[in-house]
Protein chains: 4
Amino acid sequence: MSSIRQIDLNCDMGESFGRYKLGLDEEIIKYISSTNIGCGFHAGDPLVMRKTVKMAKERGVGIGAHPGFPDLLGFGRRLMDVSPLEVRNDVLYQVGSLYAFARAEGIQLQHVKPHGALYNIAAQNEELGRAVAEAVREFDRDLILVGLAGSKLLKVAQKMRLKVASEVFADRAYNSDGSLVSRRLPHALITDQKAAVSRVIQMVMEGRVISVDGEPVEVKVDTICLHGDSLQALQLARTLRERMKEAGISVVPMGKFL
Amino acid sequence: MSSIRQIDLNCDMGESFGRYKLGLDEEIIKYISSTNIGCGFHAGDPLVMRKTVKMAKERGVGIGAHPGFPDLLGFGRRLMDVSPLEVRNDVLYQVGSLYAFARAEGIQLQHVKPHGALYNIAAQNEELGRAVAEAVREFDRDLILVGLAGSKLLKVAQKMRLKVASEVFADRAYNSDGSLVSRRLPHALITDQKAAVSRVIQMVMEGRVISVDGEPVEVKVDTICLHGDSLQALQLARTLRERMKEAGISVVPMGKFL
Amino acid sequence: MSSIRQIDLNCDMGESFGRYKLGLDEEIIKYISSTNIGCGFHAGDPLVMRKTVKMAKERGVGIGAHPGFPDLLGFGRRLMDVSPLEVRNDVLYQVGSLYAFARAEGIQLQHVKPHGALYNIAAQNEELGRAVAEAVREFDRDLILVGLAGSKLLKVAQKMRLKVASEVFADRAYNSDGSLVSRRLPHALITDQKAAVSRVIQMVMEGRVISVDGEPVEVKVDTICLHGDSLQALQLARTLRERMKEAGISVVPMGKFL
Amino acid sequence: MSSIRQIDLNCDMGESFGRYKLGLDEEIIKYISSTNIGCGFHAGDPLVMRKTVKMAKERGVGIGAHPGFPDLLGFGRRLMDVSPLEVRNDVLYQVGSLYAFARAEGIQLQHVKPHGALYNIAAQNEELGRAVAEAVREFDRDLILVGLAGSKLLKVAQKMRLKVASEVFADRAYNSDGSLVSRRLPHALITDQKAAVSRVIQMVMEGRVISVDGEPVEVKVDTICLHGDSLQALQLARTLRERMKEAGISVVPMGKFL
């Protein structure tokens, strides 16, 4: 974490579309400090974006664009064979669209966090990671780029002197090299809430996590990704906030300490 | 016209989509001073938007967002029964998306001009016209809102103290009340290029046009809409520029004199 | 109703899309005899369509295509200014797409029922109603066309000698001329479940309904539209089935008696 | 080829969309015997599909569905990480949609040929190839499945006892193992029309082609893919037809001899 005992909690929001509702946005927003808002490519629409920006403004939650692949049917989770040029301009388009609502509501954009398959490929593929980072730089070099802790995306963004936020997941297991255990493997998910909370506290306080092989792994933590699409997810968020309070950890929007 | 012998010529551009090409953008841009760029709802995509913004920048052509209904199949020409709230936020979204490319290229957005069925309904329906104007005001009250000369859209925008540009059409006939002759009627289109050019010169120099009934009609002209999708359209643009030069009329981006 | 004490109960289903879930399809299907399945324009996707067809097959529920306007964002509820040619071919496209899943599952298509704004405009506008009917006739003249009882759609379809099903709504009030009370007016909806059930029983048994003005109105009833998107809707369906059983009314797919 | 001196020439058509025109369909149809018609996912719309089916019917050209990935922006050319279940149902949906227009026009569907990235991945990936073949079998096992000569798609389809058509390309170079030279390599395309025509004649008459390494390679030829999107493509088609006539080769829809 960037500063002792300060941490950001983020959650994807604004992923409803037309008549389709997704996520318990009104609930999860009580527990987080930053929100990633869908921009219409993988999820979200103009009315939803406006409403979500407004809700975040009222609660002092930092807002970020959450650009994804142009695949509403696949919710941006299907990898597409896109070129760096396509990624750069698709991200710019989406960041601009969210910016319009921030501007209309008189607040600042805080960050950009790619979504789903774009998040994953930008973490692994330097060229596509650079394309995402260039879009952010071209739009506003004061925006924070959020990515997987230790990913190529963050490395390339740092070389470009962008502000970055290292993200960890409360409910995912780590390999000894610091990468996430593939969802296709058993033990990829930490389903025990108590264990998940303890891990997160350890990551924040000690900057490390115990891997699936029992090894301690160093991990940089600026922001923790939570989910808001189930009652269990809300319960985890609530418990995490309580435990953080007890541990003297402040939850603040990443823009306050990065 | 706002200022003696200064006029803007605008054309819709950036309406290609993926592999689909539309418009002779590289040609028509030589003759115009402002361009309205599709924002992905009725036409246009991120790559096309970027390329079009770049082209306009190189030529010193003023750029504007050209938001339309979310109907790529109908090219934004089919009226949709949308609410003012939908219009306001759909326009904001699209203006923001184009703004991103302007910002990436280091240039200013000059104006907003609604497209197709949205242009027509915003001209006639005060509530929807206000929704468009509010989107512009919320995004940036220095943007110029372009609409049909004499329309409800411009009236409501002026009440909101927005900058407006009155648009006329080189190739459309006018009724004695200043409205356009419906495309469903004969004589709606001025197909004779020489006549079209003379009419435009008269509108600019005298601020009036002869209606289909032979009556002189006052008309305010800040910008003239040209087309760039056929060789005839290019020829009309070329001839118009020549005649304007002879008449001592300067063609400059609307932002220079409004 | 076509035959004494036989009636069809229908419900829109298969309106989920990708990760977006809509409707309690697995529950409501227990109470109905026919289902109208979204075809991807206003709702639904290939996986959802397949799954819904399969579910209907297992339960012996008659399946129908539920074509709508190409407006996923507006859920097909926003009127669009489409031409008869567009309607005819949009309906054909959608009917064919659902037919593919019926054929893959080895069952017959039973009916076609337009959705939302297309349902409404086809009921009122003879030209667009005819376009819908022509699509059905072109695809398969043995398909039943479902529309609002007394509507222009059904009249034009009958002139074309198509099979039609007159639909009534359990939860909507009627005017004395047999039309539905506009949703914009008070008393448009029958919110009391007991009253709604009694009205339906009366419509089926006596072929008439009491209008908002207290007048008895004749109404033809082949199929009754239920909803499956709330617990109250499920409760209404359950109660209606019980009352129908007591009244000796058989609930069977419309294809069995039309 | 299946029968001596009988061959099919196919071309992708119906890939316009709304106001966007693509391909010289009215011209190329004069030279071909089968047409692959876009079904709305990567290209095409209901009006275009209807018009294209009608045109093919008038000329006695065999029609086939041309299903692609749901990516209009990328024209179905960007590989998407789809599951076999998605492929199977996406193909069924699209085949059904085209079938509707064939049925409306009173003609038979002849074949199915996957488009772009779906064509390529189905040729290489057995599981996805099987998904395409299963969709065809589920819809109508008398349909011919068109794929790359020697591909996994055709092998798996043959095991399922489907009718298949081996396709070759007039303008592509072959490796010694019978695969196509990657478009990323030089010499991938045969740009000399005379050479292209001679190669095709040789493939048809002798069942072999000379690879980029100068080796003769056996190749099965049922149908030859032509293009209709440029004047050169039309010229190639015209020349090919002439040379085929001289060589005594009949050009007939694949359904006549497969």
Side-chain angles (χ1 to χ4, degrees), chain C residues 14 17-19 37-41 44-54 63 65 67-70 72 80 82-107 109 112 118 131-143, chain D residues 14 17-19 37-41 44-54 63 65 67-70 72 80 82-107 109 112 118 131-143:
Chain C
F17 181 83
R19 212 193 141 193
I37 301 176
C39 301
F41 275 37
D45 69 42
L47 288 186
V48 168
M49 291 166 79
R50 180 71 182 253
K51 189 181 152 197
T52 310
V53 167
K54 212 177 265 193
I63 64 168
F69 282 131
L72 187 68
M80 296 178 71
V82 289
S83 72
L85 199 63
E86 287 170 326
V87 165
R88 178 147 61 118
N89 289 294
D90 281 6
V91 170
L92 264 170
Y93 181 99
Q94 293 178 77
V95 172
S97 70
L98 184 70
Y99 170 82
F101 297 105
R103 189 157 165 169
E105 292 292 337
I107 60 170
L109 266 195
V112 174
L118 180 58
V132 171
E134 279 170 348
V136 171
R137 183 176 59 179
E138 287 189 318
F139 190 78
D140 179 358
R141 55 176 317 130
D142 286 329
L143 286 175
Chain D
F17 181 85
R19 212 192 142 195
I37 301 177
C39 301
F41 274 36
D45 69 42
L47 288 185
V48 168
M49 290 166 80
R50 181 72 182 252
K51 190 180 154 197
T52 310
V53 166
K54 212 176 264 194
I63 63 167
F69 282 130
L72 187 68
M80 295 177 74
V82 290
S83 70
L85 198 64
E86 287 171 326
V87 165
R88 179 148 59 118
N89 289 296
D90 281 7
V91 170
L92 263 170
Y93 180 100
Q94 293 177 77
V95 171
S97 70
L98 185 69
Y99 170 82
F101 297 105
R103 190 157 165 168
E105 291 292 337
I107 60 170
L109 267 196
V112 174
L118 180 58
V132 171
E134 279 170 348
V136 171
R137 183 176 59 179
E138 286 190 318
F139 190 78
D140 179 358
R141 53 179 315 131
D142 285 330
L143 287 174

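Within every chain, numbering begins at 1; the chains are lettered A, B, ... in the order of the sequence lines, protein sequences first and strands thereafter.
- With sequence neighbours left out, the ring-ring contact (aromatic ring centres under 6.0 Å, His included) criterion links Phe41(D) to Tyr93(D).
- Considering only residues two or more places apart in sequence or on other chains, Asp90(C) meets the side-chain hydrogen bond (donor to acceptor under 3.5 Å, both in side chains) condition with none of them.
- Put simply, CD on Glu105(D) and CG on Leu92(C) are 9.5 Å apart, with the number rounded to the nearest 0.5 Å.
- In this structure, Leu47(C) and Leu85(D) approach most closely via the heavy-atom pair CD2-O, 3.7 Å.
- Scanning residues 132-141 of chain D against chain C with a 4.5 Å non-hydrogen threshold yields Glu138(D), Phe139(D), Asp140(D), sorted by number.
- The heavy-atom pair separating Gly96(D) from Ala100(C) by the smallest distance is CA-CB, 3.7 Å.
- Every residue two or more places apart in sequence or in another chain was checked for a side-chain hydrogen bond (donor to acceptor under 3.5 Å, both in side chains) with Asp45(D), and none qualifies.
- Ranked by heavy-atom pairs shorter than 4.5 Å toward chain C, the options Ala104(D), Gly40(D), Gly106(D) are led by Ala104(D).
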